[in-house]
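To keep things clear, I will list the structure first and then write my remarks on it.
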Amino acid sequence: MFNRITYKKSIGVFIFVILSVFLFVTCTSNNQPHQPQQNQPLITPAAFSSYAGTASCMGCHKDIVNSFMHTAHFQTSRKADAKNIKGSIEEGKNEFHYSDQYTVKVEKKNDTYYQTEYVNGIAKVAQPIDITVGSGKRGQTFLYWNDGYLMQLPLTYFTSLDQWTNSPGYSNRITFKRPITTRCLECHSTYFQSLSSINAFPEKFSTQNIIYGVSCEKCHGPAAEHVAFHTKNPQEKKGKFIINPATFSRVQSLEMCRLCHGGRLSKTEPSFSFKAGDKLSNYFKMDSAITNLADMDVHGNQYGMLAASKCFKMSEMTCNSCHSAHENETGKTELYSQRCKNCHSTNGYACTVKGISEIKNNCIDCHMPEQPSKAIMVLLQGNNVPVSASMRSHFIRIDKEATHKFLVTRKNKG
Ligand code: HEC
Ligand code: HEC
Ligand code: HEC
Ligand code: HEC
Ligand code: HEC
Ligand code: HEC
Ligand code: HEC
């Protein structure tokens, strides 16, 4: 999370919070208009009509749906409403001052939330919050529809600061005119239908044909045919017309996650055409991936960091060795440690640090410590050094510093 943030809240003094945030990621620096390519893409995204939507799974997979609804994946994009907008709209807590004259406030009018620009106290531009992006674990960014184009709103909510700040990548000026890329949506939703050609920027989207959240059909493929078949054939006990990742090879399994957890990748085919089970290299330039550990960031490249670990190199490990797709297991250290012990309980494989009783319940704080991100940083006015957000490192290793920290924390606890 954001460490050591202090700032003075004095009236009349404005604070610049400049966020150079890769978190809100890859896409932000990818804003240059592109020339349309001459060659048409070979692959086109599946039609919206081939998707069934998450609600339709409920009838036959109720337990999975109920549990899945609590995951960050499901919650990572939503149609905005009072329940899922995280930041406060209470007077005094609902604003960000760009300067003495310029302020943006978040306000509610007739059940709709707006971000409004005020100049010397007079309302100028106001746009509604139509879509939330981010589960809110670390933060949330907001989008609005502008004639089929999706634009990012000036203020982003940062959870650990519990405040509205200038959206990442924005310079210290107010703009309502920043369009969002499809790649941003591809990582944060299941389906948006682009109405433009592959390299057009900005792209126009259908405002209707949307599946919010990284949901079922992202990992199981479009499922309309599956639903239709099983609705018609309730006696059939074997799943038909559906992708089951349990049958994937190791590479297929990893690439399904790497689509969004493999750092910055340049696409060669339209966003939303990759399906779970496909080869990533048919859709992205793989030489655009960062493969040097020193250049990887804890944010956004779990795949790269994991792949550099001995665990990964010397076993058949996938992301699913530790993560389960349908549950929210955030913070369940003991459960994660159990998954380490699935491989590390036998002699010769076990931990060689002895005599610490917590060791069996917590393998991760010493071997996968939280680490400050070089990409997610907050710079406060008056500070020269930006403050980083910390994230779990997926480079599993023996780490003296982390071990020392663990032992000190333990001693302090008594
Ligand atoms: C009308 C009932 C019905 C609906 C609706 C339904 N399924 Fe299924 N599904 C089944 C049956 C029956 C099976 C086979 C038994 C099982 O694995 O539960 C199955 C199996 C599956 C499997 C495992 C496939 C395998 O090879 O074992 C997946 C994945 C799946 N469904 C995903 C979905 C998704 C995603 C949705 C919503 C878009 C959905 N299902 C909606 C009936 C349904
Ligand atoms: C379509 C893009 C996409 C795919 C595919 C994807 N993820 Fe994610 N994942 C995300 C995004 C976006 C978040 C951040 C969600 C948020 O907090 O808003 C996330 C968050 C997570 C988290 C953190 C959950 C938490 O509670 O903080 C885990 C763990 C995770 N993903 C694992 C996986 C695994 C394992 C796979 C492959 C089976 C996978 N993801 C596939 C986009 C994706
Ligand atoms: C390559 C995939 C990818 C792209 C592109 C991407 N993100 Fe993300 N984003 C992620 C993943 C994965 C996470 C969470 C895990 C992490 O930080 O490594 C995340 C985290 C976030 C979070 C924090 C969620 C939370 O509550 O913790 C926000 C907000 C966010 N992204 C917004 C955006 C926006 C807005 C865009 C486009 C302008 C964007 N992202 C582009 C993959 C992506
Ligand atoms: C991030 C990827 C991901 C998402 C999102 C996802 N699943 Fe799965 N699902 C998997 C994986 C991976 C497996 C295989 C698990 C295994 O290896 O045993 C699976 C297995 C299944 C199965 C087979 C039975 C089982 O439990 O193993 C069903 C049914 C299923 N998923 C339904 C759903 C439904 C319904 C949703 C949405 C509510 C959903 N899945 C969302 C990745 C995902
Ligand atoms: C799928 C099996 C598997 C899982 C799960 C697994 N590991 Fe490993 N790990 C291995 C293998 C295999 C090695 C290499 C052993 C050897 O050197 O022969 C290894 C090596 C290590 C090493 C030594 C690294 C080095 O650079 O010397 C550490 C530390 C470690 N694992 C910790 C963990 C922790 C902590 C977890 C859980 C977060 C975990 N492992 C999960 C298979 C696994
Ligand atoms: C050896 C076990 C292990 C493997 C394999 C693994 N993870 Fe994790 N992952 C963890 C642990 C432990 C955490 C921290 C969970 C917590 O504290 O809530 C974590 C956290 C995460 C987070 C949230 C990071 C944060 O700080 O918010 C994401 C995203 C994630 N994993 C994605 C992946 C992806 C994608 C893969 C495959 C490329 C993967 N993980 C493979 C153990 C693993
Ligand atoms: C207090 C920090 C700490 C905790 C907690 C911890 N480890 Fe370790 N682990 C270490 C250190 C330090 C080493 C290297 C010790 C040495 O130099 O012999 C190590 C070594 C290892 C090794 C390499 C062993 C070898 O043969 O080279 C593995 C595997 C391992 N740990 C796994 C685990 C697992 C699994 C857990 C949870 C059950 C765990 N560790 C918990 C600090 C820790």
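I290 CD1 to R264 CZ: the interatomic distance, rounded to the nearest 0.5 Å, is 7.0 Å. The CE atom of M305 lies 7.0 Å from the CE atom of M296; values are rounded to the nearest 0.5 Å. Atom CD1 in I364 sits 13.0 Å away from atom NZ in K332 (nearest 0.5 Å). In this structure, CZ on F248 lies 10.0 Å from CG on N320, to the nearest 0.5 angstrom. M286 contributes atom CE, which lies 5.5 Å from atom CG of L265 (distance to the nearest 0.5 angstrom). Once rounded to the nearest 0.5 Å, the distance linking CD1 of I180 with CZ of F192 reads 9.5 Å.
Taking a cutoff of 4.0 Å between a charged side-chain nitrogen and a carboxylate oxygen, D287 and K285 do not qualify as a salt bridge. Here K267 does not pair with E186 in a salt bridge; the nearest charged N to carboxylate O distance is not below 4.0 Å.
Residues passing the salt bridge (charged side-chain N to carboxylate O under 4.0 Å, His left out) test with D365, sequence neighbours excluded: R392. Qualifying ring-ring contact (aromatic ring centres under 6.0 Å, His included) partners for H226, counting only residues two or more places apart in sequence or in other chains: H230. Taking the ring-ring contact (aromatic ring centres under 6.0 Å, His included) definition, one finds that Y283 meets it with F274, sequence neighbours left out. Residues forming a salt bridge (charged side-chain N to carboxylate O under 4.0 Å, His left out) with E217 (at least two apart in sequence, or on another chain): none. A search for side chain to side chain contact (heavy atoms under 4.5 Å, CB included) contacts involving C260 returns C187, not counting sequence neighbours.
Contact check for H261 versus L306: no side-chain heavy atoms found under the 4.5 Å cut-off. At a threshold of 4.5 Å between non-hydrogen side-chain atoms, the residues K93 and D162 count as touching. When side chains are defined from C-beta on, E91 counts as touching K105, because their heavy atoms get closer than 4.5 Å. Taking 4.5 Å as the limit, every side-chain heavy atom of R258 sits out of range of all side-chain heavy atoms of F284. Counting heavy atoms from C-beta on, the side chains of I211 and F48 come closer than 4.5 Å. Q115 has its side chain within reach of I129: a pair of non-hydrogen atoms, C-beta onward, lies under 4.5 Å apart. When side chains are defined from C-beta on, M317 counts as touching R250, because their heavy atoms get closer than 4.5 Å. With a 4.5 Å cut-off on side-chain heavy atoms, F158 and R138 do not count as touching.
Side-chain contact check for K405 and T409: no donor-acceptor pair (N or O, by modelled atom type) lies under 3.5 Å. H97 and T103 share a side-chain donor-acceptor pair at under 3.5 Å. Side-chain contact, Q75 with H73: no donor N or O sits under 3.5 Å from an acceptor N or O. Counted by atom type alone, H188 and Y212 present zero donor-acceptor pairs between their side chains at under 3.5 Å. The closest side-chain donor-acceptor pair between E203 and T182 falls under 3.5 angstrom. Side-chain contact of E329 with S324: a donor-acceptor pair under 3.5 Å is present, judged by distance alone. Side-chain contact check for T54 and S215: at least one donor-acceptor pair (N or O, by modelled atom type) lies under 3.5 Å.
Between the N328 side chain and the H70 main chain, a donor and an acceptor come within less than 3.5 Å of each other. Side-chain atoms of S273 do not come within 3.5 Å of backbone N or O of P45 as any donor-acceptor pair. Side chain of S393 to main chain of P369: no donor-acceptor pair is present (N/O by atom type, distance under 3.5 Å, no hydrogens or angles). Of the possible polar contacts, none joining the T333 side chain to the N362 backbone as a donor-acceptor pair under 3.5 Å is found. S194 places a side-chain N or O within 3.5 Å of a backbone atom of S196 that can act as its donor or acceptor partner. Judged by distance alone, the side chain of R397 and the main-chain N or O of F395 form a donor-acceptor pair under 3.5 Å. Proximity of a side-chain donor or acceptor of S189 to a complementary backbone N or O of L185 within less than 3.5 Å is detected. Put simply, the side chain of S321 gets close to the backbone of T318: a donor and an acceptor are under 3.5 Å apart. Remark: the backbone N or O of L280 is paired with a side-chain donor or acceptor of E255 at under 3.5 angstrom. One N or O on the side chain of S345 and one on the backbone of K341 form a donor-acceptor pair closer than 3.5 Å.
The environment of OH in Y144 is crowded: more than 12 heavy-atom neighbours from other residues, nucleotides or ligands sit within 6.0 Å. Other residues, nucleotides and ligands contribute over 12 non-hydrogen atoms within 6.0 Å of the CG atom of N342. Remark: K83 NZ is loosely packed, at most 12 non-hydrogen atoms of other residues, nucleotides or ligands lying under 6.0 Å away.
Closest of all the heavy-atom pairs between L153 and S167 is O-OG, 2.9 Å. Across all their heavy atoms, I243 and H220 have their closest contact at O-ND1, 2.9 Å. Of all heavy-atom pairs spanning Y149 and P202, the tightest one is CE2-O, 3.8 Å. In terms of heavy-atom proximity, C351 sits nearest to I359 at SG-CD1, 3.9 Å. Nearest heavy atom pair, residue I396 against residue M368, reads CG1-CG, 3.8 Å.
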### Query
Where do T141 and T156 land on the side-chain hydrogen bond (donor to acceptor under 3.5 Å, both in side chains) test, with the steps shown first?
CA-CA 5 Å; T141 280; T156 283; 3.1 Å; yes
### Task
Tell me, with the steps shown, if H323 and Y336 meet ring-ring contact (aromatic ring centres under 6.0 Å, His included).
CA-CA 8 Å; H323 292 292; Y336 278 110; 5.4 Å; yes
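Under the 6.0 Å cut-off for aromatic ring centres, Y98 and F96 qualify, their centroids lying closer than that.
Between Y51 and Y191, the ring planes lie tilted relative to each other; the angle falls in the 30° to 60° range. Classification of the H344-Y349 ring pair by plane angle, with boundaries at 30° and 60°, yields tilted. The aromatic rings of F205 and W145 sit perpendicular to each other, their planes meeting at more than 60°, with 30° as the lower class boundary.
Both the sub-6.0 Å distance and the 45° axial angle are not jointly satisfied by K108 relative to the ring of Y114.
Residue pairs that meet the salt bridge (charged side-chain N to carboxylate O under 4.0 Å, His left out) test with at least one member in residues 272-282, sequence neighbours left out, do not exist here.
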